[in-house]
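Just so it is clear, the structure is predicted and the values come from calculations on it, not from any experiment.
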Amino acid sequence: MGLLTDKKAVIFGVANDHSIAWAIARALHREGAELALTYVGDNIERRVRPLGEGLGVQTFLPCDVSSNDEIAATFAALGEQWGRVDLLIHAVAFALRDELKGRFVDTSREGFRIALDTSAYSLVALSRAALPLMTPGSSILTLSYLGAERVLPNYNVMGIAKAALESCVRYLAFDLGPQGVRVNAISAGPIRTLSSAGIRGFKEMLHFH
Ligand code: 0WE
């Protein structure tokens with residue numbers, strides 16, 4: 001019997017078999033959880049469906065976390081399907097490609113907005129939408145990175161977004177803890193995923209790490 005037998009887990013952020021979210025999906029499945037996977041766009045859907053089907057996943061939902069309507073539709077579907085959500089995995093981040101190189105001081109207003117909206121506010125929006133389906137003992141988990149705490153070359157606006165994300169975790173935990181809902185972040189090391197693909201100097205960082 002697994003640690004998570006019959007728990008319902010929704011995972012945002014599987015893009016391919018290198019995704020940290022995919023490693024989380026496999027671990028949750030191994031422990032007996034039932035999974036729902038979300039995706040953005042046809043390209044990701046084409047990769048996520050076969051992966052999920054390999055774990056017996058039956059629920060695939062389109063969800064761009066920068067859209068209130070898509071978040072509402074996702075949790076409406078989960079409400080119908082499961083009637084509850086025990087685990088929410090937030091493994092989503094986005095900054096405009098050009099913001100992840102050069103000087104942080106050159107960050108555009110729009111680039112700043114997009115990075116913080118997609119990478120930090122999305123946790124707040126998803127948590128609020130999930131809450132009516134959560135019971136005491138439920139858990140919310142997100143992914144951070146060292147660039148939240150220290151200056152890392154080229155990480156730039158994502159560092160600010162991850163700092164905001166970590167602060168969101170503390171404020172959400174304050175709000176939801178009394179209802180028995182835990183909120184946590186794991187700060188991963190540098191890992192070769194789609195997210196780090198094409199990042200200048202990543203190979204050297206990986207080597208140094
Ligand atoms: O949080 C991240 C990266 C998140 C990310 C990645 C991309 C690449 C493609 C956000 N937005 C985009 N936008 C794109 O267009 N990491 C922890 C991985 C990462 O990114 C870096 C790193 C590391 C490590 C960027 C610069 C330096 C180190």
Participant: Decide yes or no for L78 and V10: does some side-chain heavy atom of the first lie under 4.5 Å from some side-chain heavy atom of the second?
Facilitator: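 Yes, side chains in contact.
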Participant: List the atom of N154, the atom of G102, and the distance in Å for their closest heavy-atom pair.
Facilitator: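 What the structure gives for the nearest pair is OD1-N, 3.5 Å.
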Participant: Looking at every heavy atom in both L51 and W22, which two are closest together, and how far apart are they?
Facilitator: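 For L51 and W22, the tightest heavy-atom pair comes out as O-CH2, 3.2 Å.
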Participant: According to a 4.5 Å side-chain heavy-atom criterion applied to Ile, Leu, Val, Met, Phe, Trp and Tyr, with indirect links allowed, do L143 and V169 form part of one hydrophobic cluster?
Facilitator: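 Per the 4.5 Å side-chain linkage, L143 and V169 are not co-clustered.
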Participant: Which distance, rounded to the nearest 0.5 Å, do you find between the OG of S195 and the CD1 of I20?
Facilitator: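 Reported to 0.5 Å precision, the distance equals 8.0 Å.
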Participant: Answer yes if L141 and L4 sit in the same cluster of Ile, Leu, Val, Met, Phe, Trp and Tyr residues linked by side chain heavy atoms under 4.5 Å apart, and no otherwise.
Facilitator: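 Yes, same cluster.
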Participant: Count the heavy atoms belonging to other residues, nucleotides or ligands that lie under 6.0 Å from CZ of R192, then report whether that count exceeds 12.
Facilitator: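 It does not: R192 CZ has 12 such atoms or fewer within range.
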Participant: Which heavy atom of M205 sits nearest to which heavy atom of L152, and what is that distance?
Facilitator: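 So the minimum-distance heavy-atom pair works out to CE-CD1, 4.5 Å.
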Participant: Please assess M134 against L176 for the test side chain to side chain contact (heavy atoms under 4.5 Å, CB included), listing each intermediate value before the final yes or no.
Facilitator: CA-CA 10 Å; M134 290 188 145; L176 310 191; 5.9 Å; no
Participant: Return the minimal non-hydrogen interatomic distance between A161 and L116, and the atom names on each side.
Facilitator: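 Where A161 meets L116 most closely, the heavy atoms are CA-CG, 4.0 Å.
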Participant: Do V57 and L61 sit in the same hydrophobic cluster, where Ile, Leu, Val, Met, Phe, Trp and Tyr count as joined when their side-chain heavy atoms come under 4.5 Å apart?
Facilitator: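 No, separate clusters.
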Participant: Would you say S138's side chain and V181's backbone share a donor-acceptor pair under 3.5 angstrom?
Facilitator: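 No, the answer is negative, given that no donor and acceptor are paired below the 3.5 Å cut-off.
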Participant: Kindly state each residue pair satisfying ring-ring contact (aromatic ring centres under 6.0 Å, His included) with at least one member in residues 98-137, sequence neighbours excluded.
Facilitator: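 Those involving residues 98-137 do not exist here.
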Participant: Between D42 and E45, is a side chain to side chain contact (heavy atoms under 4.5 Å, CB included) present by the stated rule, with each step listed?
Facilitator: CA-CA 5 Å; D42 298 345; E45 181 181 10; 4.2 Å; yes
Participant: Does any pair with a residue in residues 16-39 pass salt bridge (charged side-chain N to carboxylate O under 4.0 Å, His left out), and if so which ones, sequence neighbours excluded?
Facilitator: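 Residue pairs with at least one partner in residues 16-39: K8-E34.
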Participant: Which residue pairs pass the salt bridge (charged side-chain N to carboxylate O under 4.0 Å, His left out) test with at least one member in residues 162-189, sequence neighbours excluded?
Facilitator: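 Counting only pairs at least two positions apart or across chains, no salt bridge (charged side-chain N to carboxylate O under 4.0 Å, His left out) contact touches residues 162-189.
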Participant: Looking only at heavy atoms, what is the nearest atom pair of F75 and L133, with distance?
Facilitator: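 Result for this residue pair: O-CD1, 3.6 Å.
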Participant: Exactly one of H207, H209, K203 should register a side chain to side chain contact (heavy atoms under 4.5 Å, CB included) with P190. Which one does?
Facilitator: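 Exactly one pass, corresponding to H209.
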Participant: Nearest 0.5 angstrom please: L123 CG to I140 CD1, how far?
Facilitator: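 Reported to 0.5 Å precision, the distance equals 6.5 Å.
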Participant: Could you tell me the separation between the CD1 atom of I186 and the CD1 atom of I24, rounded to the nearest 0.5 Å?
Facilitator: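 Answer rounded to 0.5 Å: 6.0 Å.
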Participant: Taking all non-hydrogen atoms of both residues, which atom of L35 and which atom of L55 are closest, and how far apart?
Facilitator: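 Residues L35 and L55, closest heavy atoms: CD1-CD1, 4.0 Å.
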Participant: Go through V65 and T118 one step at a time and tell me if the side chain to side chain contact (heavy atoms under 4.5 Å, CB included) criterion holds.
Facilitator: CA-CA 7 Å; V65 297; T118 325; 4.2 Å; yes
Participant: So H90 and L165, do their side chains get closer than 4.5 Å, heavy atoms only?
Facilitator: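 Answer yes - side chains close enough.
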Participant: Quick check: is L88 connected to V40 through a chain of hydrophobic side chains (ILVMFWY, heavy atoms under 4.5 Å apart)?
Facilitator: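 Not linked; separate clusters.
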Participant: Using only atom types and a distance under 3.5 Å, with no angle test, would you say the side chain of S19 pairs donor to acceptor with the backbone of A21?
Facilitator: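 Checked: no pair found.
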Participant: Enter the distance from I199:CD1 to Y155:OH here, rounded to the nearest 0.5 Å.
Facilitator: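 It is 9.0 Å, given to the nearest 0.5 Å.
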Participant: Please examine the side chains of Y39 and P62, heavy atoms only from C-beta on, and report whether any two atoms are closer than 4.5 Å.
Facilitator: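 Side-chain contact under 4.5 Å: yes.
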Participant: Could you tell me whether the side chain of N16 reaches within less than 4.5 Å of the side chain of R47, counting heavy atoms only?
Facilitator: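 They are in side-chain contact.
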Participant: Taking L131 as the starting point, is it possible to reach W82 by hopping between hydrophobic residues whose side chains are less than 4.5 Å apart?
Facilitator: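 Linked within one cluster.
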Participant: Could you check L126 against V92 for side chain to side chain contact (heavy atoms under 4.5 Å, CB included), going step by step and ending with a plain yes or no?
Facilitator: CA-CA 11 Å; L126 291 179; V92 179; 5.7 Å; no
Participant: Can you tell me how far apart CG (D98) and CG (N156) are? Round to the nearest 0.5 Å.
Facilitator: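 Reported value, rounded in 0.5 Å steps: 11.0 Å.
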Participant: How long is the straight-line distance from CG of L146 back to OG of S187, given to the nearest 0.5 Å?
Facilitator: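 With rounding to 0.5 Å, OG (S187) is 6.0 Å from CG (L146).
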Participant: Only one of I89, T74, I71 passes side chain to side chain contact (heavy atoms under 4.5 Å, CB included) with T38; say which it is.
Facilitator: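 The single option meeting the side chain to side chain contact (heavy atoms under 4.5 Å, CB included) with T38 is T74.
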Participant: Can you find a heavy atom in the side chain of M158 that is under 4.5 Å from one in the side chain of S119?
Facilitator: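 Yes, at least one pair of side-chain atoms sits under 4.5 Å.
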